[in-house]
Amino acid sequence: MPLRSWKSLVPRKVRLLAKMRWKNGRWRLATPDRVVLEDVIIPGVLAAGEVDHVLDIGVAWYTRNYPRLFRGIDYWSVDVDPAEAEHRRAHHHTLSATKLTDVFAHDTFDLVLCNGVIGWGLNRPEQVALGLDACAAVLRPGGWLVVGWNDVPGHRVEGLEEMLAARFDHAELPVLGADHYLTDTHYRHRYDFFRARS
């Protein structure tokens with residue numbers, strides 16, 4: 001009989017606690033990409049420009065406290081999976097990123113956060129193009145787009161950089177002094193920062 005993996009011996013909840021951190025009275029996922037997003041990128045975008053309306057595309061149990069990160073800001077979320085609605089109360093739509101204009105007016109948001117969607121649901125170039133068109137439509141001119149994606153085979157979408165450049169302008173996030181940030185993770189999670197064109 002083969003030896004069982006250590007993962008099968010340790011309950012999932014216990015394994016998960018090893019990847020969590022306690023911050024501001026809440027448990028948060030402590031992976032390097034989430035830490036830099038929550039502690040550096042989001043505060044940096046908020047400090048860099050007027051952000052009153054935020055759209056968060058793609059949610060999960062570990063983002064259920066994100067409205068607290070945007071306290072005092074009109075925060076909306078969308079996810080294509082109906083099961084994710086249980087992690088949200090108000091201001092959530094079960095919706096694909098390709099269909100944002102079905103429920104949101106043009107030029108609505110000052111920030112669109114699209115993390116872990118491209119290559120994790122929007123996988124084909126034509127889907128990504130539709131999703132980016134929808135993001136461009138709902139962002140106000142000059143608004144921020146933050147895209148987080150894994151730059152590894154199996155999650156990298158062919159032509160992503162070109163599709164982004166065709167619709168948005170890369171923008172330096174002052175807190176990082178760069179227009180992108182590659183996290184120190186084996187899955188090469190990368191954040192790119194853009195401004196919507198006028």
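Quick caveat, the model's predicted, so the values are computed rather than measured.
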Rounded to the nearest 0.5 Å, what separation is found between the [atom1] atom of [X] and the [atom2] atom of [Y]?
| X | Y | atom1 | atom2 | value |
| --- | --- | --- | --- | --- |
| His170 | Leu145 | NE2 | CG | 9.5 Å |
| Lys99 | His93 | NZ | NE2 | 15.5 Å |
| Cys114 | Leu132 | SG | CG | 7.0 Å |

Measure from the side-chain N and O atoms of [X] to the backbone N and O of [Y], and report whether any donor-acceptor pair falls under 3.5 Å.
| X | Y | result |
| --- | --- | --- |
| Asp133 | Gly131 | no |
| Asp110 | Asp52 | yes |
| His92 | Ser77 | yes |
| Thr185 | Arg188 | yes |
| Arg64 | Ala60 | no |
| Asp79 | Val59 | yes |

Transitively linked via ILVMFWY side-chain contacts under 4.5 Å: [X] with [Y]?
| X | Y | value |
| --- | --- | --- |
| Ile42 | Tyr181 | yes |
| Val112 | Leu69 | no |
| Val146 | Val51 | yes |
| Leu95 | Val117 | yes |
| Leu176 | Phe194 | no |

Would you say that [X] contacts [Y] through its side chain, given a criterion of any heavy-atom pair below 4.5 Å between the two side chains?
| X | Y | value |
| --- | --- | --- |
| Thr94 | Val78 | no |
| Val45 | Leu173 | yes |
| Leu160 | Val128 | yes |
| Asp192 | Glu161 | no |
| Asn115 | Trp149 | no |
| Asp107 | Pro141 | yes |
| Leu55 | Leu111 | no |
| Pro32 | Asp184 | no |

Shortest non-hydrogen contact between [X] and [Y], atoms and distance:
| X | Y | result |
| --- | --- | --- |
| Ala97 | Ile57 | CB-CG2, 3.7 Å |
| Ala129 | Arg167 | CB-NH2, 3.6 Å |
| Arg124 | Val157 | C-CG1, 4.4 Å |
| Gln127 | Gly121 | OE1-O, 3.8 Å |

More than 12 non-hydrogen atoms from neighbouring residues, nucleotides or ligands closer than 6.0 Å to CD on Glu50, yes or no?
->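 12 or below, so no.
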
Does atom CD of Glu158 have more than 12 heavy-atom neighbours, drawn from other residues, nucleotides or ligands, at distances under 6.0 Å?
->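 Counting other residues, nucleotides and ligands, CD of Glu158 stays at 12 neighbours or fewer.
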
Answer yes if the ring centres of [X] and [Y] are under 6.0 angstrom apart, and no otherwise.
| X | Y | value |
| --- | --- | --- |
| His53 | Phe109 | no |
| His106 | Phe104 | no |
| Trp120 | His155 | yes |

Could you tell me how the ring of Tyr75 sits relative to the ring of Phe70: parallel (under 30°), tilted (30 to 60°) or perpendicular (over 60°)?
->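 Judged by the thresholds at 30° and 60°, the geometry between Tyr75 and Phe70 is parallel.
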
How are the rings of Tyr191 and Phe193 set relative to one another: parallel (under 30°), tilted (30 to 60°) or perpendicular (over 60°)?
->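 Judged by the thresholds at 30° and 60°, the geometry between Tyr191 and Phe193 is parallel.
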
Does the pair Cys135 and Leu100 meet the rule for a side-chain contact (heavy atoms from CB on, under 4.5 Å), with working shown?
-> CA-CA 7 Å; Cys135 289; Leu100 299 177; 4.2 Å; yes

Run the side-chain contact (heavy atoms from CB on, under 4.5 Å) check on Leu139 and Phe168 step by step: do they pass?
-> CA-CA 10 Å; Leu139 262 175; Phe168 304 95; 4.0 Å; yes

CA sep, side-chain torsions, deciding dist, call: Asp56, Tyr66, side-chain contact (heavy atoms from CB on, under 4.5 Å) = CA-CA 9 Å; Asp56 190 357; Tyr66 275 29; 3.6 Å; yes

Step by step, would you call Asp169 with Arg197 a side-chain contact (heavy atoms from CB on, under 4.5 Å)?
-> CA-CA 7 Å; Asp169 295 321; Arg197 293 183 180 141; 2.9 Å; yes

So among Asp151, Asn150, Thr183, which one has a side chain to side chain donor-acceptor pair (under 3.5 Å) with His189?
->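 Answer to the side chain to side chain donor-acceptor pair (under 3.5 Å) test with His189 among Asp151, Asn150, Thr183: Asn150.
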
